[in-house]
Amino acid sequence: MQCYLHMIISARSAQKVIFSTCRRLKIGDGVRVESYKRDRFIEIYLINNDKYKVIENGYSKRELTISGQELKDFLKDILSIEFPRSHVLYLSEIHSII
């Protein structure tokens, strides 16, 4: 796993920034969103043309697969659950898990 492009983003604009970043991913690549303290994270990988693998490691730990259409609503829900009091988040792009 190689991480590139570390960014600090506002929690208010996080849904839009993460969604647009996910739409530009190549198959096998992903993004990692971490809290400011870096004790919780969400990773989202593109596994084929319209399927994403989501790894949640925070208040709950789970893995699931969602479609591109579900991604936007899922991000809204998961960001409010995992990062309810965060003002800034770390965003990293992850290249080639395959």
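Here the SG atom belonging to Cys22 is positioned 8.5 Å from the CG atom belonging to Leu46, to the nearest 0.5 angstrom. From Ser92, atom OG reaches atom NE2 of His6 across 5.0 Å, with rounding to the nearest 0.5 Å. For the atom pair OG of Ser86 and CD1 of Ile9, the computed distance is 10.5 Å after rounding to the nearest 0.5 Å. Taking OG1 of Thr65 as the start and CD of Glu70 as the end, the distance is 10.0 Å to the nearest 0.5 Å. Atom CD of Glu63 sits about 9.5 Å away from atom OH of Tyr45, to the nearest 0.5 Å. Ile44 CD1 to Leu75 CG: the interatomic distance, rounded to the nearest 0.5 Å, is 4.5 Å.
Geometrically, Arg38 engages Tyr90 in a cation-pi contact, judged by NZ or CZ lying under 6.0 Å from the ring centre and within 45° of the ring axis.
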Go through Tyr52 and Ile47 one step at a time and tell me if the side chain to side chain contact (heavy atoms under 4.5 Å, CB included) criterion holds.
CA-CA 6 Å; Tyr52 293 89; Ile47 54 176; 6.0 Å; no
Could you walk me through whether Ile94 and Asp29 satisfy the side chain to side chain contact (heavy atoms under 4.5 Å, CB included) test, starting with their C-alpha distance in whole Å, then the side-chain angles of each, then the deciding distance to 0.1 Å, before giving a yes or no?
CA-CA 6 Å; Ile94 301 168; Asp29 292 349; over 6 Å; no
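If you chain together hydrophobic residues whose side chains sit under 4.5 Å apart, Ile27 and Val31 fall into the same group. The hydrophobic clustering, which links ILVMFWY residues whose side-chain heavy atoms are closer than 4.5 Å, places Ile66 and Ile81 apart. Linking Ile, Leu, Val, Met, Phe, Trp and Tyr residues whenever their side-chain heavy atoms come within less than 4.5 Å places Phe83 and Leu64 in a single cluster. Residues Phe41 and Val88 fall into different hydrophobic clusters, defined by Ile, Leu, Val, Met, Phe, Trp and Tyr side chains chained together at heavy-atom separations under 4.5 Å.
With hydrogens and angles ignored, the 3.5 Å screen pairs no side-chain donor or acceptor of Asp50 with any backbone N or O of Ser67. A distance-only check finds a donor-acceptor pair linking the side chain of Glu82 to the backbone of Tyr59 [under 3.5 Å]. For Ser10 (side chain) and Arg12 (main-chain N/O), a donor-acceptor pair under 3.5 Å exists by modelled atom type.
Within a 6.0 Å sphere centred on OH of Tyr36, heavy atoms belonging to other residues, nucleotides or ligands number 12 at most.
For Asn57, the side-chain hydrogen bond (donor to acceptor under 3.5 Å, both in side chains) test picks out Lys61, with sequence neighbours left out. With sequence neighbours left out, Glu56 forms a side-chain hydrogen bond (donor to acceptor under 3.5 Å, both in side chains) with Ser60, Arg62.
Using a 4.0 Å cut-off between charged nitrogen and carboxylate oxygen, Glu34 and Arg40 do not count as a salt-bridge pair. At a threshold of 4.0 Å, the pair Lys72-Asp77 does not count as salt-bridged, since none of the basic side-chain nitrogens sits closer than that to a carboxylate oxygen.
Checked options Leu79, Ile8, Val17; the residue passing with Leu89 is Leu79 (criterion: side-chain contact (heavy atoms from CB on, under 4.5 Å)).
The shortest side-chain heavy-atom distance between Val54 and Ile42 falls under the 4.5 Å cut-off.
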